[in-house]
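Here's the structure, in structure tokens; my notes come after.
Keep in mind that what you see is a predicted model, and the values were worked out from it rather than measured.
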Amino acid sequence: VAYTAELLLGLLTNPCVFSAWAVVDVNMEDRVDVSLKGQAEISCIYTLMEPAKMIVWFTKSPGRDQSRRRIYYYDNQSEIIDEGSEYAGRINFTHSHEPQNARGSALLIIDNVQLSDQKEYMCTVHDVSTDSGEGHTRLQIFNSPSLPVIEGIHMGISVTAEEPSKVAHCKVDDGYPRPNITWYKDRFPLQQSDNEVKISESETTKANGLFTVESDLYIKAQRTDKDAFFYCEVKYFVPGGVRMTESKEINIIVHYPTTEVTMYVNPPDRHIKEGDTVEIRCEGNGNPQPVFTFTHKGEELSADNEMLLLENVERSDSGTFVCQSYDFDAGIDTEDSINITVHYLDQIVVTPEETVLNQGEDLALTCNALSSLPTLTAWYKDGTRLVERHVLELHNASYATAGLYKCEVTVPSLPELQQQKSVQISVQGKPKIIEEIAVGPVNKADRSFNLTCYAEGYPFPTITWTLSDQRTGLPVPVPEAENQKTDTGILSMISVRAMSELTAKCSAANELGTEDVSRKIEASCISSLTAGGGSGVVIAVIIICLLLIAILGSVLYFLYKKGKLPCGRSGKQDFTKEKASKDDIVMEMKSGKSEEAVLLQGVNGDKKSPTE
């Protein structure tokens, strides 16, 4: 007030001053941007040769009330900060002057900026001659919002709905100025359309002045939307620019009718055989899946809606299976069919069966098995493959021909299908004992050993055993025999206790004849078997005998050298004569060039003539 009165008084008393009054040049930015809770610096630049006489800061709130409110006053004598309750402890002022540049500045600093600080700020500068200038600026407050939150509709939407259906809801909080929401589908922005897209937005100003913006998206769904992704984008202002953030992507549930069904076997591309478990599935191209009905040969089957499970299938299950569906909402009836074949391999039939041949005869065996797939037939005997065909020809039958023959039928394209059947071929003839009676092994505990006899023939022969003592010729009791039937004959075995030297006889007989074989069981044979029959024992016995002979020879040679055993070439004893004593011993000494026989005197002291 004092300044204004002084100014008016000067103008009235000094017309020259009034006529020379010029405006001071004051520069301020049009707008100062600052984040909420940040620090704002509002600068006022003026041009004067001398420092300003007076600087005054004013504010003017937006709206109807356009009155000014002073917040700072400065002159050469005083400085007043009109803080009030609104700026208490939050504002500071500084000013400076540069004489060399004829420029001065005043700076207003606001700490902890609030939304209420967003208004117009004015800086008035006066010089010493009462000239003045004024600058204006606006303080703009910004606050970055929270991340957008999107939520889809869990119930799904139908393509048959007449109006656009709600797809998702997007919400963003605490933005200032008001943030904007844009909807996207697969990276393409969605624009409002009466029949296809509808966007509904709402905003709320919270008690602190910040904005909450919400948006709902409605679309007229199509079948392709089941694979689409939706999200919302939020654009918001920051000091000096615009930023953007996106929500997560969501996929919506789209309901659409089934217009086509497809049947398939799980797992696919495999042969089905009798006894398998088969899973037939029916799948529609709609969502959700409709109700399915399975039929086979006109008969409705029990199924778990889209899956038909056939357990332990048979060849009668082959044929066409039909799947039908009906969409009650759309009223659409669809169906599909699939044909399956259950493969099989029947039991083998061999002709003839259990055949008896005479020696020298021929025979043809035929093996067949009915199958739904090509088969491979092979004949085996004793694990050896004979031929690879249905017919096995046997020529000039002998005992070697007899045996168990096996026919095997397989399906190469389905190895699990396989059948086998065996047939016994017998060759008729009188018994024939193979090799001699076998002896061994010996039980050392009771000196018992086994006798074995094997005879071929058909009808299978009966084997009997007889035992006799070699010295007395008397029969020896025969223990009970163990008989084992083979493909071509009988293997018989008895266990005999070695009490003396025996003669064993094995007789094989059938209705066509008899054959027998005998073997003498010597004591030496029994002893060697009792010793274990090992070559090591025999070698040891031989070595001991050789050592004894060597010792005996050394003793005799020693006696001869001492003269106690006179002998000469003429005194050589003739062992061929019966009158020679059994106690006489002949020893031949050989040199490298000639042979000399030395006759040793008998132990009974008898002298022998040179002729003897």
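For the atom pair CD1 (I219) and OG (S193), the distance works out to 12.0 Å, reported to the nearest 0.5 Å. Atom CD1 in I157 sits 12.5 Å away from atom NZ in K166 (nearest 0.5 Å). Interatomic distance, OH of Y256 versus CG of N287, reported as 5.0 Å (0.5 Å rounding). The distance from atom CG of D216 to atom NE2 of H169, rounded to the nearest 0.5 Å, is 5.5 Å. Note that CH2 of W183 and CD1 of I150 are 4.0 Å apart. Values are rounded to the nearest 0.5 Å. For the atom pair CD1 of I199 and CD1 of I181, the computed distance is 10.0 Å after rounding to the nearest 0.5 Å.
The minimum heavy-atom distance linking R389 with V391 is given by the pair NE-O, 2.9 Å. When all heavy atoms of I425 and Y405 are compared, the pair lying nearest together is CG1-CD1, 3.6 Å. When all heavy atoms of C407 and T377 are compared, the closest pair comes out as SG-CG2, 3.7 Å. Taking every heavy atom of both residues into account, P145 and G175 meet most closely at CB-CA, 3.7 Å. For the residue pair V172 and P179, the shortest heavy atom distance occurs at CG1-CG, 4.0 Å. Of all heavy-atom pairs spanning L310 and I340, the tightest one is CD1-CD1, 4.4 Å.
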Should T59 and D117 be marked as a side chain to side chain contact (heavy atoms under 4.5 Å, CB included) after you check the CA-CA gap, both sets of side-chain angles, and the distance that decides it? CA-CA 9 Å; T59 62; D117 297 336; over 6 Å; no

Test side-chain hydrogen bond (donor to acceptor under 3.5 Å, both in side chains) on Y73 and D75 and set out the steps. CA-CA 7 Å; Y73 172 83; D75 61 21; 2.5 Å; yes

Test salt bridge (charged side-chain N to carboxylate O under 4.0 Å, His left out) applied to K185 and D225, step by step: CA-CA 9 Å; K185 171 185 170 182; D225 290 333; 2.6 Å; yes

Can T341 and S318 be said to form a side-chain hydrogen bond (donor to acceptor under 3.5 Å, both in side chains), step by step? CA-CA 5 Å; T341 301; S318 298; 5.2 Å; no

Going through the distances and angles, do Q114 and K37 end up as a side chain to side chain contact (heavy atoms under 4.5 Å, CB included)? CA-CA 6 Å; Q114 306 295 320; K37 306 296 184 180; 3.9 Å; yes

Would H97 and Y46 count as a side chain to side chain contact (heavy atoms under 4.5 Å, CB included) here? Give the steps. CA-CA 9 Å; H97 183 263; Y46 59 90; 4.3 Å; yes

Walk me through whether L115 and L36 qualify under side chain to side chain contact (heavy atoms under 4.5 Å, CB included). CA-CA 7 Å; L115 285 180; L36 187 66; 4.1 Å; yes

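The closest donor-acceptor contact from the side chain of D30 to the backbone of R138 lies at 3.5 Å or more, if one exists at all. In this structure a side-chain-to-backbone donor-acceptor pair under 3.5 Å is missing from H95 to S105. A donor-acceptor pair is defined here as one N or O able to donate and one able to accept, closer than 3.5 Å; no such pair exists between the side chain of D127 and the backbone of V24. Judged purely by atom type and a 3.5 angstrom limit, S371 uses its side chain to pair as donor or acceptor with the backbone of L373. Side chain of T137 to main chain of E29: a donor-acceptor pair is present (N/O by atom type, distance under 3.5 Å, no hydrogens or angles). Formation of a donor-acceptor pair under 3.5 Å by the N285 side chain with backbone atoms of E260 is found in this model. Distance alone, capped at 3.5 Å, is enough to place a donor-acceptor pair between the N251 side chain and the A228 backbone. Side chain of N208 to main chain of L210: a donor-acceptor pair is present (N/O by atom type, distance under 3.5 Å, no hydrogens or angles). Panel note: side chain D186, backbone F229; a donor-acceptor pair is recorded below 3.5 Å. Side-chain atoms of Q289 come within 3.5 Å of backbone N or O of G284 as a donor-acceptor pair.
Ring geometry for F211 against Y176 counts as parallel: the plane angle stays under 30°, on a 0 to 90° scale with 60° as the upper cut. By the 30° and 60° cut-offs, the orientation of the rings of Y231 relative to Y184 is parallel. Relative orientation of the F93 and Y72 rings is parallel, given thresholds of 30° and 60° on the angle between their planes.
With respect to E249 and R187, a salt bridge is recorded, a charged nitrogen being found less than 4.0 Å from a carboxylate O. The pair E279-R281 meets the salt-bridge criterion, with a side-chain N (NZ, NE, NH1 or NH2) lying under 4.0 Å from an Asp/Glu carboxylate O.
Annotation: N101, atom CG; neighbour count of heavy atoms from other residues, nucleotides and ligands within 6.0 Å is above 12. When the shell of 6.0 Å around CD of E354 is examined, it contains more than 12 heavy atoms from other residues, nucleotides or ligands. By the neighbour-count criterion of 12 heavy atoms within 6.0 Å, atom NZ of K297 is densely surrounded, having more than that number from other residues, nucleotides or ligands. By the neighbour-count criterion of 12 heavy atoms within 6.0 Å, atom NZ of K273 is densely surrounded, having more than that number from other residues, nucleotides or ligands. Within a 6.0 Å radius of CE in M307, other residues, nucleotides and ligands contribute more than 12 heavy atoms. Within a 6.0 Å sphere centred on NZ of K119, heavy atoms belonging to other residues, nucleotides or ligands number more than 12. Remark: R90 CZ is packed, more than 12 non-hydrogen atoms of other residues, nucleotides or ligands lying under 6.0 Å away. Taking a 6.0 Å sphere around CG of N76, one finds it holds more than 12 heavy atoms contributed by other residues, nucleotides or ligands.
Looking only at side-chain heavy atoms (C-beta outward), E393 and V387 stay at 4.5 Å or farther from each other. Residues V342 and E274 have side chains in contact (heavy-atom distance under 4.5 Å, counting atoms from C-beta outward). V26 places a side-chain heavy atom less than 4.5 Å from the side chain of C44. Taking the side chain as every heavy atom from C-beta outward, I141 and V113 approach each other to under 4.5 Å. Side-chain contact check for E246 versus P148: every heavy-atom pair is 4.5 Å or farther apart. Residues I71 and L108 have side chains in contact (heavy-atom distance under 4.5 Å, counting atoms from C-beta outward). Within the 4.5 Å cutoff, no side-chain heavy atoms of R223 are placed close to those of V254. Within the 4.5 Å cutoff, no side-chain heavy atoms of V409 are placed close to those of Q418.
For E134 and T124, the side-chain atoms include at least one donor-acceptor pair closer than 3.5 Å. With hydrogens and angles left out, the side-chain atoms of Q118 and Q140 include a donor and acceptor closer than 3.5 Å.
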